[in-house]
Amino acid sequence: MIYASNFKTNNTRAYTKEYIKTLDKFISKNSIKDEIYVFPTATSLDIFGDISSNITIGAQNAYPVKNGSYTGEIGLEQLDEFDIKTILIGHSERREILKESQELIAQKFDFFKEQGFRIIYCIGETKEIRDENETMEYLWSEFEGIDLGYEKLIVAYEPIWAIGTGVSAKKEDIDEVLSALRVQVKSPLLYGGSVKSSNIKEIASIKECDGVLIGSASWKVESFCEIIKNGQNQ
Ligand code: PGA
């Protein structure tokens with residue numbers, strides 16, 4: 001399984017250091033073999049020293065340039081400094097709140113693909129789209145300009161209506177969408193949207209689910225570790 005934690009705009013630089021240290025101890029002590037990803041804020045990126053090889057630190061976002069004049073953004077040079085080779089692209093909060101267009105998202109994808117990054121590419125429908133039964137059509141449109149054959153691609157299906165609400169999508173719904181995606185997507189498929197320690201077992205048991213992308217329930221390290229623990233042996 002893949003367990004990815006997206007800090008979004010949470011946690012300080014000091015707590016992030018403590019978080020990674022505690023997480024690393026937990027992983028080694030319990031001989032966890034899963035792939036673990038942590039996406040801290042840009043200001044908390046760092047070299048975290050000698051940590052388990054199955055923990056990867058990634059960036060939540062970056063502009064598709066080496067460097068330049070893009071006020072407020074970071075580029076490849078800033079990621080290289082911390083040896084970051086993994087990035088989230090297409091998260092619904094960037095699409096909806098930050099108004100990132102599919103064109104810019106595809107541009108970011110191409111740039112970081114060219115740099116050999118592992119890309120966790122997010123897609124997800126709104127409640128309205130779902131109510132109109134247009135989910136799959138909408139999800140496919142979010143792949144416009146994206147190379148589904150990229151070998152370092154991971155796709156995260158995150159229905160917007162389930163993000164941060166405490167109410168995850170139902171097992172049958174996740175199963176249906178992931179199975180439909182599987183026809184064309186050969187990369188690992190993650191589910192995201194209110195994943196927590198009480199529903200991880202059920203979500204991890206879904207046939208095409210290769211892992212989870214977690215927000216709120218992963219911001220405290222104890223809670224993230226509990227999710228990883230509860231997800232074992234699925
Ligand atoms: P959530 O966020 O776990 O708080 O629902 C998931 C995400 O946005 O990746």
Side-chain angles (χ1 to χ4, degrees), residues 1-10 37 39 58 60-61 87-110 112-113 118-150 153-196 198-200 202-219 227:
M1 278 279 285
I2 294 171
Y3 294 87
S5 166
N6 175 8
F7 281 15
K8 307 189 179 183
T9 320
N10 297 281
Y37 291 88
F39 295 88
Q60 292 178 25
N61 175 51
I87 189 164
L88 280 182
I89 296 181
H91 192 281
S92 61
E93 284 151 14
R94 297 211 59 88
R95 292 178 189 264
E96 303 277 310
I97 305 170
L98 284 311
K99 307 288 176 221
E100 261 184 36
S101 64
Q102 185 61 32
E103 197 186 346
L104 176 59
I105 289 169
Q107 221 177 302
K108 287 187 177 185
F109 188 96
D110 278 350
F112 287 102
K113 173 187 149 191
R118 177 157 315 278
I119 298 175
I120 299 194
Y121 186 76
C122 308
I123 54 168
E125 81 286 6
T126 60
K127 170 115 182 25
E128 293 70 44
I129 300 282
R130 176 182 150 81
D131 289 346
E132 282 169 25
N133 272 322
E134 286 169 357
T135 299
M136 287 319 297
E137 204 179 1
Y138 186 79
L139 296 181
W140 291 124
S141 77
E142 291 191 318
F143 284 122
E144 210 179 296
I146 304 302
D147 174 11
L148 284 178
Y150 180 45
L153 168 68
I154 296 174
V155 170
Y157 166 57
E158 302 200 298
I160 296 174
W161 47 272
I163 293 181
T165 58
V167 185
S168 149
K170 288 199 186 72
K171 185 181 175 184
E172 309 75 72
D173 295 332
I174 303 172
D175 193 18
E176 192 182 329
V177 172
L178 295 187
S179 298
L181 289 173
R182 180 55 82 213
V183 177
Q184 288 188 52
V185 182
K186 301 304 167 207
S187 316
L189 291 173
L190 312 185
Y191 166 77
S194 298
V195 174
K196 45 195 168 183
S198 57
N199 60 19
I200 184 67
E202 188 179 40
I203 293 170
S205 73
I206 296 170
K207 188 166 166 269
E208 300 296 353
C209 182
D210 301 302
V212 285
L213 177 55
I214 315 162
S216 33
S218 71
W219 297 337
I227 296 175

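If you read the sequence from its start, that first residue is 1, and numbering goes on from there. Everything numeric in this text was worked out from a predicted model, so none of it was measured.
Within the 4.5 Å cutoff, no side-chain heavy atoms of Glu128 are placed close to those of Asp131. Counting heavy atoms from C-beta on, the side chains of Ile120 and Phe39 come closer than 4.5 Å. Counting heavy atoms from C-beta on, the side chains of Tyr157 and Glu125 come closer than 4.5 Å. Considering only heavy atoms from C-beta on, Leu153 stays 4.5 Å or farther from Arg118 through its side chain. Proximity of Glu158 to Tyr191: side-chain heavy atoms (C-beta onward) are nowhere separated by under 4.5 Å. At least one side-chain heavy atom of Val212 sits less than 4.5 Å from a side-chain heavy atom of Tyr3. The shortest side-chain heavy-atom distance between Ile154 and Tyr121 does not fall under the 4.5 Å cut-off. Taking the side chain as every heavy atom from C-beta outward, Asn61 and Lys108 approach each other to under 4.5 Å.
Without hydrogens or angle criteria, Ser92 side chain to Ile160 main chain gives no donor-acceptor distance under 3.5 Å. For the pair Gln60 (side chain) and Lys8 (backbone), a donor-acceptor distance under 3.5 Å is present. Side-chain atoms of Trp161 never come within 3.5 Å of backbone atoms of Ser168 as a donor-acceptor pair (strictly under, hydrogens ignored). Not a single donor-acceptor pair under 3.5 Å links the side chain of Glu208 to the backbone N or O of Arg182. In this structure a side-chain-to-backbone donor-acceptor pair under 3.5 Å is missing from Lys186 to Gly149. With hydrogens and angles ignored, the 3.5 Å screen pairs no side-chain donor or acceptor of Glu134 with any backbone N or O of Ile129. In this structure a side-chain-to-backbone donor-acceptor pair under 3.5 Å is present from Asp210 to Leu189.
When all heavy atoms of Leu148 and Ser187 are compared, the closest pair comes out as O-OG, 4.1 Å. Closest approach of Ala217 to Val195, counting heavy atoms only: CB-O, 3.3 Å. The two residues Gly164 and Ser216 come nearest to each other via the heavy atoms CA-OG, 4.4 Å. Between Gly192 and Pro159, the closest heavy-atom pair is O-CD, 3.4 Å. When every heavy atom of His91 is checked against every heavy atom of Glu93, the shortest pair comes out as ND1-N, 2.9 Å. Across all their heavy atoms, Met136 and Ala180 have their closest contact at CE-CB, 3.6 Å.
In this structure, Lys170 does not pair ionically with Asp175, as no charged nitrogen and carboxylate oxygen lie closer than 4.0 Å. Remark: Glu100 does not engage Arg95 in a salt bridge, criterion side-chain N to carboxylate O under 4.0 Å.
Using bins of under 30°, 30° to 60° and over 60° for the plane-to-plane angle, the ring pair Trp140/Phe143 lands in the tilted bin.
Enclosure of atom NZ in Lys127 is not indicated, since only 12 or fewer non-hydrogen atoms of other residues, nucleotides or ligands lie within 6.0 angstrom.
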Pair Leu190, Cys209 - check side-chain contact (heavy atoms from CB on, under 4.5 Å), show working.
CA-CA 6 Å; Leu190 312 185; Cys209 182; over 6 Å; no
Run the numbers on Glu144 and Ile105 for side-chain contact (heavy atoms from CB on, under 4.5 Å), then give the verdict.
CA-CA 9 Å; Glu144 210 179 296; Ile105 289 169; over 6 Å; no
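If you take CD on Glu172 and CD1 on Ile206, they are separated by 8.5 Å, rounding to the nearest 0.5 Å. Interatomic distance, Ile163 CD1 to Ser194 OG, rounded to the nearest 0.5 Å: 8.5 Å.
Take Lys113 and apply the side chain to side chain donor-acceptor pair (under 3.5 Å) test, not counting sequence neighbours, and it matches Asp147.
Between the side chains of Ser5 and Ser218, at least one donor N or O lies within less than 3.5 Å of an accepting N or O. A donor-acceptor pair shorter than 3.5 Å cannot be found between the side chains of Asn199 and Lys171.
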